[in-house]
Amino acid sequence: MITNEKQYRASRASIDKFKSSLDAIGASDAGLPPELIRAQVSAISNQIVELEEDVRFYEDLRAGKVSTFAAESLHDLPDILIQARIARGMSQRDLADFLGLKEQQVQRYEAERYRAASLDRLIEIADALSVRISEQGQLVGNSALQALPTDAWQAFPVAEMFKRGWFEDFSGTLAQAKKSLGELMPMFLHGSHSHPAMAALHKKSVRSSGQVHEAAIAAWEARVRRVADRLPPPHRFDRDAITDDWVRGLVSLSTTEDGPQSAVGYLRDMGISLVIERHLPGTLLDGAALASSGDHAIVAMTLRYDRLDNFWFTLLHEIAHLKLHIGDGEYSAIFDDTDSPAADEKEVEADYFAQEALISSADWQLAVSRFSRTEKSVMTDAKRFGVSSAIIAGRVRREAGDYTLLKSMVGQGEVRRQFEF
């Protein structure tokens with residue numbers, strides 16, 4: 001969402017720049033494969049459409065055409081306050097002056113979606129903007145969590161959760177946290193408004209080769225949802241928009257040095273939050289696909305293996321679940337240990353989707369590296385098929401069942417460094 005004139009001008013400039021890029025692609029005779037050109041055109045066109053939507057909405061707000069702002073929960077209040085300020089014709093400086101604050105403070109509030117603001121401050125800003133919030137509340141989900149005995153919370157990896165700072169509003173010691181589990185855990189599990197995170201409250205599936213640690217997975221899911229909710233994508237997720245061209249555009253990012261990091265923005269533009277969160281003890285999770293609120297979706301990854309080939313396969317596997325299995329009347333959450341056998345149809349489908357997206361069966365039949373298994377042949381095939389050499393090397397290793405092959409080519413240590421890990 002555009003919040004000020006500087007961002008508005010930058011967005012208009014970006015639209016012009018992207019349009020120039022499209023013209024350049026059309027006029028180029030670089031000899032690129034047609035599918036790569038289509039992927040580039042599709043990605044740039046999507047960027048233009050979304051930027052133009054943001055610009056139009058900002059212009060409508062600024063022109064006073066919008067006076068009612070829909071909200072499904074308190075999570076939407078920060079966006080309402082920002083939109084109301086713009087609709088009132090007030091700059092960030094105007095609001096700061098009215099409140100007796102520095103302009104930079106209002107800028108920080110809005111950049112962080114008012115996460116650091118107190119309730120009193122939010123009320124003060126709403127009053128300053130003459131925003132009326134409907135006085136209506138509705139209980140959703142299951143309140144049974146509140147009634148569980150304290151002993152029931154002992155199954156959760158509380159010490160690890162405390163160590164990682166997951167109890168964000170709690171300032172006591174670990175011992176004090178353990179004594180307060182009856183209050184802390186329900187608040188943590190319900191902290192994300194999108195779904196309660198207890199296993200019994202929504203339909204989920206866990207792919208695992210061993211015993212499933214339900215409490216640890218529930219805690220990890222709640223954390224992932226909290227992180228995703230802090231900066232939701234600007235547009236709704238539409239599974240039908242995951243087309244072959246879009247997937248090819250995603251895979252083409254693997255050829256760039258910062259491909260995993262670039263994937264964050266690429267997915268965000270599709271209404272998908274990509275969250276990186278280490279797995280908890282007692283779980284061997286690689287990734288998960290989750291439905292979220294506001295018609296968004298979440299792909300979560302643990303980076304249990306710090307390798308490029310594993311990153312891209314796991315990412316495409318979870319994209320497959322979003323495309324094929326996550327949705328109304330289906331699963332709300334699917335968790336994956338991709339080392340485990342694909343024990344049901346949806347996991348077989350997701351594995352096949354990921355494999356075909358990275359290297360199609362037709363291309364693989366033509367791959368020289370299938371037989372020679374040399375670094376030179378891997379590099380040649382990667383260039384021919386427009387993917388990272390790590391993806392080719394990973395496919396060779398999996399099919400050969402020999403993970404001593406091509407160890408220097410799978411991008412070991414090249415993923416975690418791109419994220420705060």
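Numbers for residues simply follow the sequence, beginning at 1. Predicted model, so just to flag it, every value in this text is computed and none were measured.
A distance of 12.0 Å separates CD1 in I15 from OG in S20, rounded to the nearest 0.5 Å. Rounded to the nearest 0.5 angstrom, S180 OG and M187 CE are separated by 10.5 Å. Here the CG-CD1 distance, from L274 to I319, works out to 8.0 Å after rounding to the nearest 0.5 Å. Between L95 atom CG and I86 atom CD1 the span is 11.0 Å, to the nearest 0.5 Å. Atoms CD1 and CZ, on I2 and R62 in that order, are 9.0 Å from each other to the nearest 0.5 Å. With rounding to the nearest 0.5 angstrom, the CH2 atom of W220 is 10.0 Å from the CZ atom of R225.
Here the side chains of P234 and R268 are in contact, with some heavy-atom distance below 4.5 Å. Using a 4.5 Å heavy-atom cutoff, the side chains of R397 and D402 are not in contact. Q92 places none of its side-chain heavy atoms less than 4.5 Å from the side chain of Q104. Put simply, the side chain of M409 reaches to within 4.5 Å of the side chain of M379, judged on heavy atoms. Taking the side chain as every heavy atom from C-beta outward, V410 and L308 never approach each other to under 4.5 Å. By the 4.5 Å heavy-atom criterion applied to side chains, L250 and L315 are counted as neighbours. Looking only at side-chain heavy atoms (C-beta outward), V387 and L358 stay at 4.5 Å or farther from each other. Contact annotation: the side chain of E103 never approaches that of V106 to less than 4.5 Å [non-hydrogen atoms, C-beta and beyond].
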Could you go through the side chain to side chain contact (heavy atoms under 4.5 Å, CB included) check for K178 and W153 one step at a time?
CA-CA 9 Å; K178 288 181 176 180; W153 303 117; over 6 Å; no
Run the salt bridge (Lys or Arg N to Asp or Glu O under 4.0 Å) check on D337 and R304 step by step: do they pass?
CA-CA 10 Å; D337 166 7; R304 185 161 64 105; 3.0 Å; yes
Kindly determine whether L322 and E318 satisfy side chain to side chain contact (heavy atoms under 4.5 Å, CB included), including the steps that lead there.
CA-CA 6 Å; L322 293 183; E318 304 310 335; 5.9 Å; no
Please assess L61 against F57 for the test side chain to side chain contact (heavy atoms under 4.5 Å, CB included), listing each intermediate value before the final yes or no.
CA-CA 6 Å; L61 285 171; F57 185 57; 3.6 Å; yes
CA sep, side-chain torsions, deciding dist, call: Y8, E59, side chain to side chain donor-acceptor pair (under 3.5 Å)
CA-CA 9 Å; Y8 172 72; E59 291 173 342; 2.5 Å; yes
Given E112 and R115, is the salt bridge (Lys or Arg N to Asp or Glu O under 4.0 Å) satisfied, shown in steps?
CA-CA 6 Å; E112 298 173 356; R115 285 199 300 272; 5.5 Å; no
Begin with the C-alpha distance, continue with both residues' side-chain angles, and end with the deciding distance and a verdict on side chain to side chain donor-acceptor pair (under 3.5 Å) for T314 and D286.
CA-CA 7 Å; T314 302; D286 291 298; 5.3 Å; no
Under the criterion side chain to side chain contact (heavy atoms under 4.5 Å, CB included), I'd like the reasoning laid out for E420 against I276: C-alpha separation, chi angles, the key distance, then a yes or no.
CA-CA 8 Å; E420 294 181 8; I276 306 298; over 6 Å; no
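Side-chain atoms of S45 never come within 3.5 Å of backbone atoms of S42 as a donor-acceptor pair (strictly under, hydrogens ignored). Put simply, the side chain of S21 gets close to the backbone of K17: a donor and an acceptor are under 3.5 Å apart. Side-chain atoms of Q7 come within 3.5 Å of backbone atoms of T3 as a donor-acceptor pair (strictly under, hydrogens ignored). The backbone N or O of S91 lies less than 3.5 Å from a partner atom in the side chain of D94, making a donor-acceptor pair. Here the side chain of T173 pairs a donor or acceptor atom with the backbone of Q176 at under 3.5 angstrom. R373 places no side-chain N or O within donor-acceptor distance of the main-chain N or O of L405, the cut-off being under 3.5 Å.
Between R248 and D245 there is a salt bridge, since a side-chain N of the basic residue sits under 4.0 Å from a carboxylate O of the acidic one. With salt bridges taken as basic N to acidic carboxylate O contacts below 4.0 Å, one links D79 and R113. Between E5 and R12, none of the side-chain N atoms (NZ, or NE/NH1/NH2) sits under 4.0 Å from a carboxylate O, so this pair counts as no salt bridge.
Looking only at atom types and distance, the side chain of Q412 has no donor-acceptor partner in the side chain of D306 under 3.5 Å away. Checked by atom type, the side-chain pair S369/D381 shows a donor-acceptor distance below 3.5 Å.
Ring to ring, Y266 and W246 are close: their centroids are under 6.0 angstrom apart.
Taking every heavy atom of both residues into account, Q355 and F313 meet most closely at N-CE1, 4.2 Å. Minimum heavy-atom separation, R239 to L324: NH1-O, 4.2 Å. For the residue pair I217 and L285, the shortest heavy atom distance occurs at CG1-CD1, 4.3 Å. Scanning all heavy atoms of the two residues, the minimum distance from G411 to A390 falls at N-CB, 4.2 Å. Closest non-hydrogen pair, L99 versus A128, comes out as CD2-CB, 4.0 Å. The minimum heavy-atom distance between S408 and E375, with the atom names listed, is OG-OE2, 3.1 Å.
Y305 meets the ring pair (Phe, Tyr, Trp, His ring centres under 6.0 Å) test with no other residue; sequence neighbours excluded. Under the rule for a side-chain hydrogen bond (donor to acceptor under 3.5 Å, both in side chains), the partners of R417 that lie at least two apart in sequence or sit in another chain are E414. Under the salt bridge (Lys or Arg N to Asp or Glu O under 4.0 Å) criterion, E399 pairs with R395, not counting sequence neighbours. The ring pair (Phe, Tyr, Trp, His ring centres under 6.0 Å) test applied to F311 returns no partner, not counting sequence neighbours. Under the side-chain hydrogen bond (donor to acceptor under 3.5 Å, both in side chains) criterion, E347 pairs with R207, H317, H321, sequence neighbours left out.
Within a 6.0 Å radius of CZ in R93, no more than 12 heavy atoms belonging to other residues, nucleotides or ligands are found. More than 12 non-hydrogen atoms from other residues, nucleotides or ligands lie less than 6.0 angstrom from OH of Y403.
The one candidate from L267, I272, I326 that meets the side-chain contact (heavy atoms from CB on, under 4.5 Å) condition with F237 is I272.
Because its NZ or CZ atom is both nearer than 6.0 Å to the ring centre of Y331 and within 45° of the ring axis, K346 counts as a cation-pi partner of that residue.
Between F188 and W166, the two ring planes are parallel [angle under 30°; tilted spans 30° to 60°]. Taking the six-membered ring where tryptophan is involved, the planes of Y114 and Y109 are essentially parallel, since the angle between them stays under 30° and well short of 60°.
Sorted by first and then second residue, the pairs that involve residues 272-285 and meet side-chain hydrogen bond (donor to acceptor under 3.5 Å, both in side chains), not counting sequence neighbours, are R223-E277.
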